[in-house]
Undergrad: 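Next up is a structure, given as structure tokens.
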Amino acid sequence: LSTSTVTVTPDSPVFTGETVNLTCVINPDQSDWRYEWYKGSKNNVMLKDSQHYIVNADTLTIKGVIASDQDQYWCRGHIDGRPKSLHFSSALHINVIDLPTSRLTVTPDSPVFTGETVNMKCEIQSYGDWRWRNGLTYDQRYYRTPVWRYEWYKGTDSVMLQTSNRYTVNRDTLTIRDVITSDQGQYWCKGQRDERPKSSRLNSASLT
């Protein structure tokens with residue numbers, strides 16, 4: 001009798017925005033298995049390719065995980081022409097956790113005046129508070145002290161702001177010297193790091 005299991009990469013819990021791969025492993029392995037994927041219940045409609053899901057034989061990819069992806073997932077394998085080969089896997093539950101929040105503060109308060117120096121500070125939710133709010137139990141992988149690298153953006157521009165004649169980027173602080181009218185706009189910050197979760201949520205403040 002064939003047995004099947006579902007594995008997930010990276011390990012659950014997964015974080016919003018990540019790409020997750022679920023793999024259906026059927027033993028004994030045969031090249032003519034056909035795979036079906038289900039979410040929530042084995043009686044639900046089979047998952048199909050979409051902007052969010054990619055179904056590629058034994059692998060289901062979830063792109064840009066969101067909170068509603070938290071659920072049970074099942075795979076089913078069958079061989080054409082052999083109805084008795086139909087077999088459901090056991091359920092795999094994916095737990096989705098939101099990224100740490102970030103908050104952007106502006107000094108002095110907006111509105112600012114031409115010629116002033118403005119400091120923007122990116123504050124990322126403390127690790128302890130983030131773990132507590134998400135109900136995370138002790139796990140060495142997530143309890144290491146995170147070293148954040150800060151990224152700064154203006155408006156809809158996807159190019160990071162860098163230190164220049166008028167901007168100084170110093171980790172969590174962006175300084176704009178001698179403000180001019182073209183500095184008006186929306187500014188964004190987020191943190192990046194090497195360990196999961198690899199980023200914070202993006203946040204913004206308006207400079208007027």
Undergrad: For Tyr187, which residues count as a ring pair (Phe, Tyr, Trp, His ring centres under 6.0 Å) partner, sequence neighbours excluded?
TA: none

Undergrad: Only pairs at least two apart or in different chains count here, so list each salt bridge (charged side-chain N to carboxylate O under 4.0 Å, His left out) that has a residue in residues 168-178.
TA: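 Of all non-adjacent pairs touching residues 168-178, those that pass salt bridge (charged side-chain N to carboxylate O under 4.0 Å, His left out) are Lys121-Asp172.
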
Undergrad: Would you name the heavy atoms of Asp71 and Gly40 that are closest together and state the gap between them?
TA: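 Heavy atoms only, the tightest pair is OD1-CA, 3.3 Å.
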
Undergrad: Are any of the side-chain nitrogens in Arg196 or Glu18 under 4.0 Å away from the carboxylate oxygens of its partner?
TA: yes

Undergrad: Can you give me the closest heavy-atom contact between Glu151 and Gln192, atom names plus distance?
TA: OE2-CG, 3.3 Å

Undergrad: Can you find a side-chain donor-acceptor pair between Ser12 and Asn95 that sits under 3.5 Å?
TA: no

Undergrad: Run the side-chain hydrogen bond (donor to acceptor under 3.5 Å, both in side chains) test on Ser204 and Gln186 for me, step by step, so that the C-alpha distance in whole Å, both residues' side-chain angles and the decisive distance to 0.1 Å come before the verdict.
TA: CA-CA 7 Å; Ser204 70; Gln186 202 81 2; 2.9 Å; yes

Undergrad: What distance separates Leu22 CG from Tyr73 OH, expressed to the nearest 0.5 Å?
TA: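 The OH atom of Tyr73 is 7.5 Å from CG of Leu22, to the nearest 0.5 Å.
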
Undergrad: Given Tyr167 and Lys154, is the side-chain contact (heavy atoms from CB on, under 4.5 Å) satisfied, shown in steps?
TA: CA-CA 12 Å; Tyr167 293 114; Lys154 181 186 176 186; 4.3 Å; yes

Undergrad: Considering non-hydrogen atoms only, spot the tightest contact between Ser199 and Pro100 and give its length.
TA: O-CD, 3.7 Å

Undergrad: Has the side chain of Trp188 got a donor or acceptor atom that lies under 3.5 Å from a matching backbone atom of Gly155?
TA: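 It does hold such a pair.
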
Undergrad: Could you check Tyr38 against Leu47 for side-chain contact (heavy atoms from CB on, under 4.5 Å), going step by step and ending with a plain yes or no?
TA: CA-CA 6 Å; Tyr38 299 85; Leu47 293 174; 5.8 Å; no

Undergrad: Hey, does Leu99 have a side-chain heavy atom less than 4.5 Å from the side chain of Lys198?
TA: no

Undergrad: Could you measure the distance from the NZ atom of Lys190 to the CE atom of Met160? Nearest 0.5 Å is fine.
TA: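 Here the rounded value is 9.5 Å.
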
Undergrad: Nearest heavy-atom pair of Phe113 and Val179: which atoms, and what distance?
TA: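 Phe113 and Val179 have their closest heavy atoms at O-CB, 4.1 Å.
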
Undergrad: Can you confirm whether Lys63 is buried at NZ, in the sense that more than 12 heavy atoms of other residues, nucleotides or ligands lie under 6.0 Å from that atom?
TA: yes

Undergrad: Run the numbers on Arg76 and Tyr35 for side-chain hydrogen bond (donor to acceptor under 3.5 Å, both in side chains), then give the verdict.
TA: CA-CA 6 Å; Arg76 183 169 74 167; Tyr35 299 87; over 6 Å; no

Undergrad: Going through the distances and angles, do Asn21 and Thr61 end up as a side-chain hydrogen bond (donor to acceptor under 3.5 Å, both in side chains)?
TA: CA-CA 4 Å; Asn21 290 300; Thr61 299; 2.6 Å; yes

Undergrad: Group every Ile, Leu, Val, Met, Phe, Trp and Tyr by side-chain heavy-atom contacts under 4.5 Å, then state whether Val55 and Val6 land in the same group.
TA: yes

Undergrad: Where do Arg193 and Val147 come nearest, in terms of heavy atoms and distance?
TA: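 Shortest heavy-atom contact: CB-O, 3.2 Å.
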
Undergrad: Identify whether Tyr150 and Val106 are in the same connected component of the hydrophobic contact network (ILVMFWY, side-chain heavy atoms under 4.5 Å).
TA: yes

Undergrad: If you apply the rule side-chain contact (heavy atoms from CB on, under 4.5 Å), what do you find for Val14 with Gln70, and how did you get there?
TA: CA-CA 9 Å; Val14 299; Gln70 179 166 302; over 6 Å; no

Undergrad: How would you list all residue pairs meeting salt bridge (charged side-chain N to carboxylate O under 4.0 Å, His left out) that involve residues 91-106, not counting sequence neighbours?
TA: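 Counting only pairs at least two positions apart or across chains, the salt bridge (charged side-chain N to carboxylate O under 4.0 Å, His left out) contacts touching residues 91-106 are Asp98-Arg201, Arg103-Glu123.
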
Undergrad: Would you please say whether a donor-acceptor pair under 3.5 Å links the side chains of Ser89 and Thr5?
TA: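 Not at all, the side chains of Ser89 and Thr5 share no donor-acceptor pair under 3.5 Å.
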
Undergrad: Judged by atom type as modelled, is there a donor-acceptor pair below 3.5 Å linking the side chain of Asn203 to the main-chain atoms of Ser102?
TA: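 Yes; judged by distance alone, with no hydrogens or angles, the pair exists.
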
Undergrad: Could you check Leu207 against Val118 for side-chain contact (heavy atoms from CB on, under 4.5 Å), going step by step and ending with a plain yes or no?
TA: CA-CA 9 Å; Leu207 185 65; Val118 174; 4.2 Å; yes

Undergrad: Rounded to the nearest 0.5 Å, how far apart are CG of Asn44 and CD of Gln72?
TA: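 With rounding to 0.5 Å, CG (Asn44) is 10.5 Å from CD (Gln72).
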
Undergrad: Could you see if Ile66 belongs to whatever hydrophobic cluster contains Tyr53? Use Ile, Leu, Val, Met, Phe, Trp, Tyr and a side-chain cutoff under 4.5 Å.
TA: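 No, because Ile66 and Tyr53 fall into different hydrophobic clusters, even though each may have its own neighbours under 4.5 Å.
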
Undergrad: Might you point out which heavy atoms bring Thr16 and Val96 nearest each other, and give the distance in Å?
TA: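 Reported closest heavy-atom pair: CG2-CG1, 3.8 Å.
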
Undergrad: With rounding to the nearest 0.5 Å, note down the distance linking CG in Leu161 to CE in Met120.
TA: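 These two atoms lie 9.0 Å from each other.
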
Undergrad: If you measure from SG on Cys24 to CH2 on Trp37, what distance do you get to the nearest 0.5 Å?
TA: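 Rounded to the nearest 0.5 Å, the SG-CH2 separation comes out at 5.0 Å.
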
Undergrad: Measure the spacing between SG of Cys189 and CG of Leu104 and express it to the nearest 0.5 Å.
TA: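 Between atom SG of Cys189 and atom CG of Leu104 there are 4.0 Å.
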
Undergrad: Have a look at Arg166 and tell me which of Ile176, Thr117, Thr175 forms a side-chain contact (heavy atoms from CB on, under 4.5 Å) with it.
TA: Ile176

Undergrad: Is it the case that the side chain of Thr163 and the backbone of Val169 share a donor-acceptor pair, with hydrogens and angles ignored and the cut-off at 3.5 Å?
TA: yes

Undergrad: Can you confirm whether more than 12 heavy atoms, excluding those of Asp49, are under 6.0 Å from its CG atom?
TA: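 Enclosed: over 12 neighbouring heavy atoms sit under 6.0 Å from CG of Asp49.
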
